[in-house]
Amino acid sequence: MLATLAVETSCDETALCIYTDEKGVVGDIILSQAKVHFPYGGVVPELSAREHTRNLLPLLDRLLKETGFDIKKVDFVSFTLTPGLILSLVVGVSFAKAIAYYLGKPLVPVHHLEGHIYSVFLEKPVEYPFLALIVSGGHTDLYLVEDFGKYVFLGGTLDDAVGESYDKVAKLMGLGYPGGPIIDRLAKEGKAVYNLPRPMIDEDNLNMSFSGLKTAVRKIVEDGSYSKEDLSASFQCAVMDVLQKKALLAMEKTGIRRLVIVGGVSANSELRKRFSELSEKLGFELHIPHIRLSTDNAQMIAYAGMERFKRGITAPEDINPEPNIPLEVFGRLWS
Ligand code: KG4
Ligand code: ZN
């Protein structure tokens, strides 16, 4: 049996997981910093790093007590190396290094987006090749996944990520942070009556753009009276139209009819509804993780770490975090 401790601190969630290849998830813990960042309408990097520093050790202590797991049984430490807020990554990577040093065990670096992709595998492995639509606070990308570690970039946003635009639009409307779940909820009570742009939707490529959409929302907010519910529904409808069109175009261009949708925005109820209706109608395979695994967590880092370790991939002891190694490049490192 192989066991790993996984550490995820790339943004505003402090997450740890103990995972074995025989039992799967033995225990996991996530501490959200949403309350800390709420007054600022977005993540404040210095506060995020400070919170990770404050919380990692007590969380590990709690996880070990709750699971009764003997930390000495850990065979390697998996951790998010990139991408993310550099200060937050530094805290997590230093923590992972310290634990690995104490145990005399290797370090296994994981790419945060690779973790998101493999969040669906925690429930059920997907057959290769497949398409991955990653929609998070920092990324909105389409990848062709040929095998574990073999990622081909197909296209993505040229400006704001979808989650980022949810958060910015919520901030514009004074709704607080994180904006995604708030807009998701409000949109259910509204109608998509505002005419908002769907940038790049008709272009025959897999690039996207969301900053113009945010600017259009800003104009409506600045013009005065508006319905928060209707504006939320209109914004969400525009976002989903673009994601849907580009995902279908990716299937058309590659001929692959297996799609996974991961990352924080995959928790969105409208996204889930639309894509499952579409997959039924058009007959393609769709995989979206459980909502708890859509947003940042350490289970996904543990799963990807286990896959890496089994392929003999470990990191040197002096490894340092990087704010943004592209996934397709990361897949080729240490292999
Ligand atoms: O994957 P994630 O937890 O962190 C990053 O890797 O960025 O994604 C966080 C993003 C935030 O922007 C948040 O507003 C968005 O996911 N999000 C949602 C929903 N839940 C979280 N967006 C739309 N609808 C949701 N229900
Ligand atoms: Zn994430």
Side-chain angles (χ1 to χ4, degrees), residues 6-15 17 30-34 37-38 40-43 45 48 52 79-86 88-89 92 110-120 132-141 143 156-157 160-173 175-188 190 210 213-214 217 232-233 235-240 242-243 260-275 288-301 303-304 323-325 327 330:
V7 183
E8 157 61 44
T9 63
S10 65
C11 194
D12 61 337
E13 250 94 37
T14 315
C17 173
I30 304 179
L31 190 71
S32 167
Q33 303 173 359
H37 303 290
F38 186 90
Y40 306 97
V43 179
S48 169
H52 289 310
F79 64 97
T80 304
L81 180 75
T82 185
L85 301 171
I86 192 65
S88 301
L89 288 168
V110 173
H111 193 287
H112 183 75
L113 299 185
E114 176 174 68
H116 273 303
I117 290 174
Y118 285 89
S119 62
V120 291
L133 172 60
I134 304 171
V135 275
S136 71
H139 292 82
T140 299
D141 293 322
Y143 275 93
T157 182
D160 292 350
V162 172
E164 181 185 359
S165 65
Y166 264 95
D167 295 338
K168 285 181 176 169
V169 162
K171 189 175 180 182
L172 281 172
M173 292 199 271
L175 300 174
Y177 173 85
I182 307 172
I183 290 184
D184 190 354
R185 206 169 49 244
L186 279 178
K188 289 197 179 96
F210 296 98
L213 178 56
K214 173 196 64 201
V217 170
S232 295
F235 164 77
Q236 183 156 281
C237 183
V239 167
M240 295 307 155
V242 175
L243 293 180
V260 313
I261 310 180
V262 294
V265 183
S266 72
N268 185 269
S269 59
E270 178 69 11
L271 179 144
R272 286 171 179 260
K273 183 166 159 271
R274 280 216 199 187
F275 275 93
I288 303 179
H290 185 276
I291 288 183
R292 194 177 180 284
L293 295 174
S294 286
T295 45
D296 288 350
N297 64 85
Q299 290 189 27
M300 65 187 198
I301 304 304
Y303 188 96
N324 201 4
I325 301 178
L327 178 60
F330 187 89

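Both ligands and their constituent atoms are indexed starting at 1 by order of listing. The structure displayed is predicted, hence computed values, not measured ones.
- Listed by number with element, the atoms of ligand 1 under 4.0 angstrom from any heavy atom of T295 are 3 (O), 21 (C).
- Judged by the shortest distance from any of its heavy atoms, E270 lies outside the 4.0 Å radius around the atoms of ligand 1.
- Looking at atom 6 (O) of ligand 1, its nearest protein heavy atom turns out to be H112 NE2, 3.0 Å.
- The nearest heavy-atom contact from the protein to atom 24 (N) of ligand 1 is N268 ND2, 2.9 Å.
- By the salt bridge (charged side-chain N to carboxylate O under 4.0 Å, His left out) test, D160 pairs with K168, K214, sequence neighbours left out.
- Not a single heavy atom of C11 sits closer than 4.0 Å to an atom of ligand 1.
- Protein N/O/S atoms found under 2.8 Å from the Zn ion (ligand 2): H112 NE2, H116 NE2, D296 OD1.
- The nearest heavy-atom contact from the protein to atom 10 (C) of ligand 1 is G137 N, 3.5 Å.
- Residue, atom and distance of the protein heavy atom nearest to atom 14 (O) of ligand 1 are D167 OD1, 2.7 Å.
- Looking at S48 and S88, their side chains do bring a donor and an acceptor atom within 3.5 Å of each other.
- Residue D184 touches ligand 1 through its side chain alone, judged by heavy-atom distances below 4.0 Å.
- Of the protein's non-hydrogen atoms, the one nearest atom 22 (N) of ligand 1 is G180 CA, 3.3 Å.
- Taking all heavy atoms of P181, G115, G264 into account, the minimum distance to atom 8 (O) of ligand 1 is reached by G264.
- A side-chain donor-acceptor contact under 3.5 Å links S294 and S266.
- The shortest contact between atom 2 (P) of ligand 1 and any protein heavy atom is with D296 OD1, 3.3 Å.
- The backbone N or O of A15 lies less than 3.5 Å from no partner atom in the side chain of E8, so there is not a single donor-acceptor pair.
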